[in-house]
Amino acid sequence: MVQYNARHEPPGGARRWAAVELTDPARAADRAPRIVARLHSAAQGHAVLSRLAVGDQSALIESGIVARRTYDTRRHEWGLGRDRVHGDCYLVLGGPNLVDWSHPALRGLEPLAHTHPEHWINRGEVGRDLAPTIAAALGEWLVQMSGVPLGFMPGDLWYLFPSNQDLAAAYAQEHQETETVYTPFRLGQDGWLSAAGGPTLNVQFGPVMARLRDNAAEVVRQVGVEVADESSVRRAEEACLMYLWSPITFRAGEAPIVSGVLQIDPVRGIDGRFPQFAWFRPQSPNGLRSRAQVRMFIANINTGR
């Protein structure tokens, strides 16, 4: 379980909380994130998350968190958030499958990074006979092809990508800066996935934009919109979206490996795997919009502008 005391936000003041003790990562629950430490800077936070992602428990101690027993930091997600008002950075304890940045406990925090939980590396599926290095594998499967469904990625490479939910959340909450996903994998000396040593593999993504369907205006009119009703606006938004789009850069530590873009279907890709496509192209498509711009488009259609 995770023992904590509720934090307080005095008017005009920074967040405060009591000491946190971690005992059982298996008890972390989705949709109940908790702030567990204030960090010195965003740089420290990124360093902490890169270590937590690969199971380095000492990163907890250095963050002022007490763990009474061995604590597998790869059993759930961690987040790094920055207070939009005060600029302070905080370490967030997430659930086994997500960090819910929309939760009231994290109100006012801008997401900077999060980790993905551990996935077993199957050497039988991901090996030298498939591709000599991570960069070569990504190049073979993504750069040389116009687009590849991530469900068909070789072995564990799919786990290196931000999920559909990652991009959907960034779009919905209109994150304007890049976010970093720290994976449970390292880049070994042989240039391949490693669970033992090497820099943490991570990917930067964002900002996330939307591409509307060519007949989006007609779709909105057919759906019908009550601008004052959020659920009505959301239905129209989902109906007229073609896909979400984001630039991505894979890195080993801070060293870039390969860059491109990620495109997902925001409606049908609910399983996080399909249909999620990675397209590596030098330029962005025309007509990309932020969520605020999409909402304005819908409102203008409703008022006949």
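Source: prediction; values computed, not measured.
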> Under the side-chain contact (heavy atoms from CB on, under 4.5 Å) criterion, do Val36 and Trp78 qualify, and how do the steps go?
Replying inline: CA-CA 10 Å; Val36 293; Trp78 299 87; 4.3 Å; yes
> Is there a side chain to side chain donor-acceptor pair (under 3.5 Å) between Arg51 and Ser58 once you walk through the steps?
Replying inline: CA-CA 8 Å; Arg51 294 162 59 190; Ser58 66; 2.8 Å; yes
>> With side-chain contact (heavy atoms from CB on, under 4.5 Å) as the criterion, how do Val225 and Ile301 come out once you've worked through the C-alpha distance, each side chain's angles and the decisive distance to 0.1 Å?
In response: CA-CA 9 Å; Val225 182; Ile301 292 297; over 6 Å; no
> Between Trp245 and Val208, is a side-chain contact (heavy atoms from CB on, under 4.5 Å) present by the stated rule, with each step listed?
Replying inline: CA-CA 6 Å; Trp245 179 97; Val208 179; over 6 Å; no
> Taking it one step at a time, do Leu109 and Arg82 satisfy side-chain contact (heavy atoms from CB on, under 4.5 Å)?
Replying inline: CA-CA 5 Å; Leu109 287 188; Arg82 181 169 57 199; 5.9 Å; no
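Using modelled atom types and a 3.5 Å distance limit, the side chains of His114 and Asp166 yield a donor-acceptor pair. At a cut-off of 3.5 Å, with distance as the only test, a side-chain donor of Ser102 or Asp100 sits close to an acceptor on the other residue.
No donor-acceptor pair under 3.5 Å is formed between the side chain of Arg295 and the backbone N or O of Arg234. At least one donor-acceptor pair under 3.5 Å links the side chain of Thr73 to the backbone N or O of Leu52. Under the 3.5 Å distance criterion, the side-chain polar atoms of Arg251 are left unmatched by any main-chain donor or acceptor of Val203. A side-chain donor-acceptor contact under 3.5 Å links Asp83 to the backbone of His86. Distance alone, capped at 3.5 Å, is enough to place a donor-acceptor pair between the Ser232 side chain and the Glu226 backbone. Without hydrogens or angle criteria, Asp88 side chain to Leu39 main chain gives no donor-acceptor distance under 3.5 Å. The backbone N or O of Gly198 lies less than 3.5 Å from a partner atom in the side chain of Arg186, making a donor-acceptor pair. Judged purely by atom type and a 3.5 angstrom limit, Thr115 has no side-chain atom pairing as donor or acceptor with the backbone of Glu77.
A cation-pi geometry, defined here as NZ or CZ lying under 6.0 Å from the six-membered ring centre and within 45° of its normal, holds between Arg289 and Phe297.
Taking every heavy atom of both residues into account, Ala42 and Cys89 meet most closely at N-SG, 3.6 Å. In terms of heavy-atom proximity, Pro199 sits nearest to Gly253 at CB-N, 3.6 Å. When all heavy atoms are compared, the tightest approach of Ala210 to Val294 is CB-CG2, 4.1 Å. Looking at every heavy atom in both residues, His46 comes nearest to Ala113 through CE1-CB, 3.8 Å. Among all heavy-atom pairs drawn from Ser246 and Gly206, the shortest one is OG-N, 2.8 Å.
Within the model, atoms CD of Glu174 and CD of Gln293 stand 9.5 Å from one another, a figure rounded to the nearest 0.5 Å. The distance from atom OH of Tyr243 to atom CE of Met209, rounded to the nearest 0.5 Å, is 11.5 Å. Annotation: the span from Asp56 atom CG to Arg74 atom CZ amounts to 10.5 Å, rounded to 0.5 Å. Rounding to the nearest 0.5 angstrom, the gap separating the CD atom in Gln44 from the OG atom in Ser63 is 5.5 Å. With values rounded to the nearest 0.5 angstrom, Thr180 atom OG1 is found 8.0 Å from Leu112 atom CG. For the atom pair CG of Leu49 and CG of Leu80, the computed distance is 6.0 Å after rounding to the nearest 0.5 Å.
Val54 and Leu93 fall into different hydrophobic clusters, where Ile, Leu, Val, Met, Phe, Trp and Tyr are joined by side-chain heavy atoms under 4.5 Å apart, directly or via other members. By the rule that hydrophobic residues join a cluster once side-chain heavy atoms approach within less than 4.5 Å of another member, Val219 and Ile298 end up as members of separate clusters. Hydrophobic cluster membership differs between Ile61 and Leu22, with clusters built from Ile, Leu, Val, Met, Phe, Trp and Tyr side chains linked at under 4.5 angstrom. The hydrophobic cluster containing Met296 does not contain Val223, counting ILVMFWY residues as joined when their side-chain heavy atoms lie under 4.5 angstrom apart, directly or transitively. The cluster map of Ile, Leu, Val, Met, Phe, Trp and Tyr, joined by side-chain heavy atoms under 4.5 Å apart, puts Tyr71 and Val48 in the same cluster.
At a threshold of 4.0 Å, the pair Asp72-Arg69 does not count as salt-bridged, since none of the basic side-chain nitrogens sits closer than that to a carboxylate oxygen. Under 4.0 Å is where a charged nitrogen must lie from a carboxylate oxygen, and between Glu237 and Arg291 at least one such pair does.
The side-chain heavy atoms of Glu177 and Glu110, taken from C-beta on, include a pair separated by under 4.5 Å. Looking at Phe205 and Leu167, their side chains come closer than 4.5 Å, going by heavy atoms from C-beta outward. Put simply, the side chain of Val99 does not reach to within 4.5 Å of the side chain of Pro111, judged on heavy atoms. Looking only at side-chain heavy atoms (C-beta outward), Leu187 and Thr200 stay at 4.5 Å or farther from each other. For the pair Gln165 and Leu98, the minimum side-chain heavy-atom distance is 4.5 Å or more. Residues Asn202 and Val181 form no side-chain contact, since every pair of their non-hydrogen atoms from C-beta on lies 4.5 Å or further apart. Between His76 and Pro117, every side-chain heavy-atom pair lies at or beyond the 4.5 Å cut-off.
The hydrophobic cluster analysis finds Val85 isolated: no Ile, Leu, Val, Met, Phe, Trp or Tyr side chain comes under 4.5 Å of it, directly or through other members.
Within a 6.0 Å sphere centred on CD of Glu230, heavy atoms belonging to other residues, nucleotides or ligands number more than 12.
Centroid-to-centroid, the aromatic rings of His103 and Trp101 stay 6.0 Å apart or farther.
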